[in-house]
Amino acid sequence: MIHNTSSAAASSTAVRISIASDFSRYPAGRFKTDGPFSGERFRDEVLVPRLKEGKKVDLYLDGTLGYGSSFLEEAFGGLVRVHGLDSEVIDRLAIYSSDASLAVEIKKYIDDAVRLKKQR
Amino acid sequence: MCALGFMKKTRAKNRRSIASASRKRYRRALKSKNVAANHRFLVSASPGQSRCRKRKWQRLRRSRLTFFPLIAPEIFGLIYPESRARLLRFLRELKRLTLQARQPVRVDFRNTSRMFPEGTLLFAAELDEVLRMSRGRRLVRCWGPRDDVVYQVLQHLGLFSKMGYASSAPVTSESVFYWRVSSGQEVLGRLVEPVVDYYKDHSSAAESRKLYDGLVEAMTNSRQHAYTQPRGDFAPVTIGGKRGKHKAQGRWWMYSQLKDGKLSVSFCDLGIGIKRSLLDGKTWVTDFIEKTRVALGIGSADSDYIRTAFELGKSRTREQNRGKGLRDLKTVIEAVGGWFRVLSNQGLYRYTAKDNRETKSDFTDSIFGTVISWQVPVASKEDAT
């Protein structure tokens, strides 16, 4: 589920995660060995625990300096590839960003990971 | 008694013989061009010498042999073949003497007249590696340059202090003052914040985000792909990666400058280069890369693989997610203008937004690493409106 920050109101029952305030303004790198604010660390320590609680998750992307593509791919593609989360779980994730291309890019990483998983 | 006297005599004879042999070795060593051998010999040849001769040898070791003079090239540049060949020969000699022969050197900058960012960055990176591998031994010292601007470059970029050269002269040259240095081993976004923040104030959010993406992806690539095999030069083997036995080194160096409405950045790693890193991996990934390259009619030189990396940047799956940072940088430059260059081992790839022209070429000598440079115009928002 992808939302534009300005046009959509977040669900009141959902868990709110702002990457800038709850994780880092400088997300970068793929694996934990790359640096302190890597995609793998964000996925394992922030995103997956919230998703596994069974609640909806509103994820806010604004406020950071940017996102390296390795960070995004590992954080979101890894939900499928590493944790094996199915589409029902991932559908509970709502992404809010003023930059629509960012949310589209994330969806693409998840779709690619699902496609690759099916191929193997 | 007799037997003891004979023994004493023999010992004295032995001493004379040892001293004589040592003198001969000393003369031979001085004549020899193998300075490292000289150094080793002089260190071990101290027994049997007189105090006067010992002092003389110590003087010789200090003045002539302890620090081997190494003349720095006139121009520190990597684009023009002649200056590039001289710089790379100098770097090769620096590494050979310090890392292989363990010979301290004194770099002579007196003839150096121009220092371009790419060449200077590569030198700074190699110097850092030499100092890191020498484990506290100060193997590199220098003689200061005659040229005032070169003097300021070496001081401002911290190269003098690395070579133990005391200097506190003020940096007054505008071509030097605005350069900033960063380096690290990890992918740390905060290190590029000054560059991206300034750019964010003068351009759209999407462009500054892409610039951030390009910079941190360059760091990620140097961390994950650059140091997976030996470089092939004199540096000791460093094998790392996520599953590597040793922790990956992943070191990178960056110079940036904001001046006259232009942002210039040079980024360097001392890894295996783009071509080897693309071909180093799982078989099916390598197959995919090779199929892409062949389908596009691209050759197999270093510069061809740099271009292939740009094409691969269009793909987004995990294993094929290579060259995305390069692609992002190109997107920024296509949008706002400017140019960029990628030097990787023997290859050179250039792109200029003005005439949308890309050129590639290959040199005969390798830089044993990757240097990415770009320059983008930074127009203020007031100018744009």
Side-chain angles (χ1 to χ4, degrees), chain A residues 5 19-20 23-43 61-82 97-120, chain B residues 184-200 204-225 240-244 246-250 252 284 313-329 331-332:
Chain A
T5 311
I19 295 186
F23 186 63
S24 172
R25 276 195 70 218
Y26 318 104
R30 182 183 288 277
F31 301 117
K32 285 174 186 171
T33 50
D34 290 344
F37 304 116
S38 64
E40 186 182 21
R41 187 172 161 226
F42 171 71
R43 184 193 69 210
L61 302 180
D62 290 347
T64 64
L65 223 56
Y67 293 92
S69 53
S70 294
F71 175 90
L72 293 177
E73 205 288 321
E74 191 61 35
F76 297 98
L79 289 175
V80 179
R81 191 178 50 249
V82 179
S97 171
S98 56
D99 183 355
S101 69
L102 207 53
V104 172
E105 191 178 340
I106 289 170
K107 189 171 182 312
K108 184 90 172 63
Y109 289 134
I110 295 172
D111 290 346
D112 283 342
V114 171
R115 188 172 46 80
L116 274 174
K117 195 179 173 187
K118 281 178 184 170
Q119 277 176 7
R120 288 174 187 180
Chain B
Q185 260 181 296
E186 290 187 316
V187 185
L188 291 173
R190 67 180 161 75
L191 294 180
V192 300
E193 186 178 21
V195 178
V196 179
D197 258 359
Y198 184 91
Y199 194 70
K200 194 164 68 181
S204 75
E207 283 164 10
S208 68
R209 194 174 64 77
K210 281 199 185 298
L211 183 67
Y212 177 84
D213 192 2
L215 284 166
V216 296
E217 278 309 291
M219 290 179 200
T220 309
N221 284 337
S222 77
R223 181 86 193 163
Q224 288 181 8
H225 308 300
K242 189 169 179 258
R243 293 176 186 83
H246 308 287
K247 195 180 173 187
Q249 295 302 315
W252 53 266
W284 69 272
K314 291 173 183 170
S315 67
R316 295 180 178 207
T317 55
R318 184 203 189 193
E319 301 294 354
Q320 297 153 13
N321 189 25
R322 307 284 288 276
K324 182 75 172 50
L326 288 176
R327 185 80 207 162
D328 281 334
L329 285 177
T331 311
V332 173

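Predicted, not measured: the structure shown is a model, and the values here were computed from it. Labels below follow one simple rule: chain letters A, B, ... track the order of the sequence lines, proteins then strands, and each chain is numbered from 1.
Among Gly29(A), Gly68(A), Gly35(A), the residue with the largest count of heavy-atom pairs under 4.5 Å with chain B is Gly68(A). Between chain B and the residues Gly78(A), Gly77(A), Ala28(A), Ser24(A), the largest count of heavy-atom pairs under 4.5 Å involves Ala28(A).
Although no hydrogens or angles enter the test, the distance criterion places no donor-acceptor pair under 3.5 Å between the side chain of Asp213(B) and the main chain of Gly66(A).
If you measure heavy-atom distances from Val216(B) to chain A, the contacts under 4.5 Å come from the side chain alone.
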Pair Tyr67(A)-Tyr212(B), side-chain contact (heavy atoms from CB on, under 4.5 Å): steps then yes or no: CA-CA 7 Å; Tyr67(A) 293 92; Tyr212(B) 177 84; 5.8 Å; no

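What you find for Glu217(B) and Ser70(A) is that their closest heavy atoms are OE1-OG, 2.6 Å.
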